[in-house]
> 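I have a structure I would like to understand better, so I am pasting it below and will then ask my questions one at a time.
The analysis underlying the following values was restricted to heavy atoms, covering all of them including side chains, and did not include hydrogens, waters or symmetry mates.
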Amino acid sequence: MKRFLTKVWGILAMLTLLTTSSKAHAMKTGENALAMKTDERIQIPLIGNVPGRQGMTLNGDWQYIVDVQEEGYYDYRMKENRWGFFLNAKPQRPEDLIEYDFDKSETMRVPGDWNTQDPRLFFYEGCVWLKRDFHYEKQIGKRALLHFGAVNYEAVVYVNGKKAGRHEGGFTGFCFDVTTLLHDGNNFVVVKVDNKRKAENVPTLIFDWWNYGGITRDVTLVEVPETYVEDYTLQLADANPRLLLFTARLNRQKAGETVTLSIPELKIKRTLTTDAAGTVSTTIKARPQLWTPDQPKLYATTVTCNGETITDEVGFRTIATRGKEILLNGKPIYLKGISIHEEKSHGGGRANSTDDARTLLGWAKELGCNFVRLAHYPHNEYMVREAERMGIMVWSEIPCYWTIAWTNEHTYDNARQQLHDMILRDHNRANVIIWSIANETPHSADRDRFLSRLATYARGMDNTRLISMAMEVTSASNYHNRLNDNMNEYVDVVSFNEYIGWYRDVHDAAKMTWEIPYNKPVIISEFGGGAKEGYHGAVNQRWTEEFQANLYEENLRMLEKIDGLAGTTPWILKDFRSPRRVLPGIQDYYNRKGVVSDEGKKKLAFEVLRKWYEGR
């Protein structure tokens, strides 16, 4: 009976994942949505697996206008300007006054950030308008969904001068149904992008990475049927390696639609009929080869409905804990990891391509990593999918970083939406094993309420993965560190950051003892120190490669003594840009804690860590 109930709860959890977003938006995005005025349109629920659908890319050169005082959006009374830049207006008579012209403006590449494409905008935080022309022929019986992989931080989107909608949050995707805004022939899309930092944002005013502004990920015009599969889930049912669970949800509550799942290599082809809620669910007996870092097996898969075929590559595995162990497919595994920021491998700039992902992850593989912590926000889909193909497990995180506005309900809603969209996009990726809800947040009752709500929400969406967060340690004495965090009740894996040797003497490492009073696996989510590549000297000379290498050696010896140590993700793979790091000649606006330099050169600490992982 207990096994039966466990199985039922597993199926219900998957259905929860598929119905959470549609219930929240049903009143606004149902069949009445098409009757809404175009200037009142809102974002529709995020669709799953955009790379596996038919679509037209809008990547490429976009014209841009820097709008410091947002005169293209507000009039001089700070009211929304009905004659704003979004109209892309042209003079019709010699006397017409129009004080902007996209067609005569400079261009920048999308996806991309403006900070590294225009030297004048290196430090710029504010409003920039971007415009792209495109040709489109409307298809009978098709809908057009305009999807953005990410825009940092706030985006207001217009198509042919009409507002499609607004989105807040710099690292998650969003889409609008723009079918009624398009016409046959030439069309244009205009996006107002604003990356100003605000106290109520997620992340908030202060963070230790570069605030790259722009349309930083792919833009795609996705073509779907009138009734289409909004999202689907395919994974092991109840952690049973011989039973698959498939669920799917349509964009509307409609019974009688057929959805077909095909996995040729497993000789699976199932055609299902939707219920009144527009969903299907089934379990299928199968014996897939399980995904592991050594053999990252993926199965070519298609999901078909109303003439649309969605392609995917899906792996199957289980992840769980047992006491202080992490179990992959039922067997203990040590997570040999590294932390990574979403920044290009050589120099700065937001990483946004498969090549970027392959280079960064290639360095991680050279280190001997089977795991990466993608900090401190959801990374682009290329990164997650390439890691899956390369056999690298992933920790994925939302940017509840340092001191968030814990009592602001809008801030919580924003964080929850980012968590929702992170999970929704990657819940079919076998390599994603940890959802992280925060990093280095100061203890308080308000913080505990905020984060516990997020943890509960994440578990309600997806109970097949582990939940964690990067905590801070509190010292009980000079050389005794005790982890004491109320969030221990809500996480599956206890993770914390420590910087012995960087923010205190490296010789203290040998004297340190650690107390972690929870019967849960432990991940050291950050440790490390900075070094300028090519700067050499004594081991006690800060910023030298020798200093950093010695710091790693001392820390690794110390960490081996921690009871329940199940993984490490040192800080960090590569030097990354940060406005907080101003030391001339050393930092030059780079955080230098990478074991690889900003130009892709390996430091001495790289080899120290590689050898340690080789022996584990």
Side-chain angles (χ1 to χ4, degrees), residues 111-117 121-123 125 150 152-153 170-171 195 197 203 206-214 216-217 337-353 355-364 366-367 369 372-380 382-383 387 394-397 399 401-402 436 439-440 470 497 499 502 525-535 543 545 548 551-552 569-603 605-606 609:
D113 59 86
W114 62 59
N115 312 81
T116 56
Q117 295 193 68
L121 302 180
F122 184 65
F123 288 106
E125 295 180 326
N152 192 37
Y153 172 80
F171 303 99
N195 73 331
R197 291 168 294 116
I206 301 174
F207 45 88
D208 189 15
W209 65 84
W210 205 265
N211 188 26
Y212 289 115
T216 57
R217 296 182 190 164
I338 193 77
S339 296
I340 303 178
H341 259 302
E342 189 180 76
E343 194 165 276
K344 287 185 176 295
S345 57
H346 293 74
R350 184 64 71 205
N352 51 41
S353 71
D355 287 343
D356 290 335
R358 286 174 180 163
T359 301
L360 294 168
L361 293 169
W363 289 336
E366 283 186 60
L367 274 171
C369 293
V372 291
R373 178 187 179 213
L374 300 184
H376 287 290
Y377 38 77
H379 285 217
N380 64 76
Y382 293 118
M383 194 69 169
V394 163
W395 158 314
S396 190
E397 185 167 291
Y401 183 91
W402 291 353
S436 172
N439 176 76
E440 288 185 356
N497 302 344
Y499 281 96
W502 189 248
S525 38
E526 291 182 26
F527 73 89
K532 172 77 169 177
E533 186 276 325
Y535 180 38
W543 302 114
E545 289 194 44
Q548 185 190 42
L551 184 154
Y552 265 77
T569 52
W571 192 258
I572 187 170
L573 178 65
K574 172 195 165 290
D575 293 350
F576 61 95
R577 279 195 167 129
S578 171
R580 297 174 61 83
R581 310 299 175 170
V582 300
L583 182 61
I586 297 291
Q587 293 172 316
D588 299 318
Y589 298 107
Y590 274 97
N591 185 312
R592 296 296 184 187
K593 292 188 178 71
V595 294
V596 178
S597 78
D598 58 294
E599 292 300 329
K601 296 180 180 179
K602 298 178 180 67
K603 306 177 190 177
F606 185 98
L609 183 60

> Determine yes or no for a side-chain-to-main-chain donor-acceptor pair under 3.5 angstrom, with Q548 supplying the side chain and F606 the backbone.
no

> Are any side-chain N or O atoms of E440 and backbone N or O atoms of Y401, one a donor and one an acceptor, separated by less than 3.5 Å?
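No.
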
> Should the pair E366-K602 be classified as a salt bridge under the 4.0 Å nitrogen-to-oxygen rule?
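Between K602 and E366 there is a salt bridge, with a charged N closer than 4.0 Å to a carboxylate O.
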
> Whether R577 and E343 form a salt bridge (side-chain N of Lys/Arg under 4.0 Å from carboxylate O of Asp/Glu) is what I want to check.
no

> Hey, are the side chains of L551 and W502 touching, using non-hydrogen atoms and a 4.5 Å cut-off?
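A side-chain contact exists here, since the closest heavy-atom pair is under 4.5 Å.
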
> Report yes if the side chains of E526 and K593 come closer than 4.5 Å at any heavy-atom pair, otherwise no.
no

> Answer yes or no: is there a donor N or O on one side and an acceptor on the other, between the side chain of R217 and the main chain of F171, under 3.5 Å?
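Side chain of R217 to backbone of F171: a pair is present.
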
> What's the shortest heavy-atom distance between G170 and A150, and which atoms?
O-CB, 3.6 Å

> How far apart are the closest heavy atoms of A531 and D575, and which atoms are they?
O-OD2, 4.4 Å

> Please check: side-chain N/O of T569 versus main-chain N/O of V372, any donor-acceptor pairing under 3.5 Å?
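A pair under 3.5 Å: no.
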
> CD1 of I338 to CH2 of W363: how many Å apart, nearest 0.5 Å?
12.0 Å

> Which label fits H341 and H376: parallel for a plane angle under 30°, tilted from 30 to 60°, or perpendicular past 60°?
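Geometry flag for H376 against H341: perpendicular rings.
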
> Atom CG of residue position L583 - does it have more than 12 heavy atoms of other residues, nucleotides or ligands inside 6.0 Å?
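Count over threshold, so yes.
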
> With rounding to the nearest 0.5 angstrom, report the CG to OG distance, N380 to S353.
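Reported to 0.5 Å precision, the distance equals 8.0 Å.
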
> Please check this pair: side chain of K601 against backbone of E533, looking for a donor-acceptor N/O pair closer than 3.5 Å.
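Side chain of K601 to backbone of E533: no pair is present.
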
> Is the side chain of K574 donor-acceptor paired with the backbone N or O of K344 at a distance under 3.5 Å, no angle test?
yes

> Which pair of non-hydrogen atoms, one from S525 and one from W395, has the smallest distance, and what is that distance?
CB-CH2, 4.2 Å

> Determine whether the aromatic ring centres of residues F123 and W210 are separated by less than 6.0 angstrom.
yes

> Aromatic rings F527 and Y552: how do their planes relate, parallel, tilted or perpendicular, breaks at 30° and 60°?
tilted

> Side chains of L361 and M383, heavy atoms from C-beta outward: is any pair under 4.5 Å?
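Touching, per the 4.5 Å side-chain cut-off.
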
> Can you tell me how far CH2 of W402 sits from CG of N439, rounded to the nearest 0.5 angstrom?
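Here the rounded value is 8.5 Å.
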
> Can you name the closest pair of heavy atoms from L573 and A364 and give their distance?
CD1-N, 4.3 Å

> Using the ring centroid of each side chain, check whether Y377 and F207 are separated by less than 6.0 Å.
no

> Output the distance between atom CG (N195) and atom CG (N211), rounded to the nearest 0.5 Å.
4.5 Å

> Please name the pair of heavy atoms, one in P378 and one in P399, separated by the smallest distance, quoted to 0.1 Å.
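In terms of heavy atoms, the two residues are closest at CD-CD, 4.2 Å.
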
> Regarding N352 and D113, do their side chains bring together a donor and an acceptor under 3.5 Å, going by distance alone?
no

> Test S345 against L360 for side chain to side chain contact (heavy atoms under 4.5 Å, CB included), laying out the working first.
CA-CA 6 Å; S345 57; L360 294 168; 4.2 Å; yes

> Is R581 salt-bridged to D208, going by a charged N under 4.0 Å from an acidic O?
yes

> Would you give the length of the straight line joining atom CZ of R592 to atom OG of S597, rounded to the nearest 0.5 angstrom?
7.5 Å

> To the nearest 0.5 Å, how far apart are CZ in R373 and CH2 in W571?
6.0 Å

> Are V595 and P570 close enough that some pair of their side-chain heavy atoms sits under 4.5 Å apart?
no

> With a 4.5 Å heavy-atom cut-off, do W543 and Q587 have their side chains touching?
yes

> Using a 3.5 Å distance criterion without hydrogens, assess whether the side chain of N115 forms a donor-acceptor pair with backbone atoms of G213.
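Pair found, side chain donor or acceptor close to backbone of G213.
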
> Say whether, by atom type as modelled, one donor and one acceptor occur between the side chain of K603 and the main chain of G594 under 3.5 angstrom.
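Confirmed, K603 side chain pairs with G594 backbone.
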
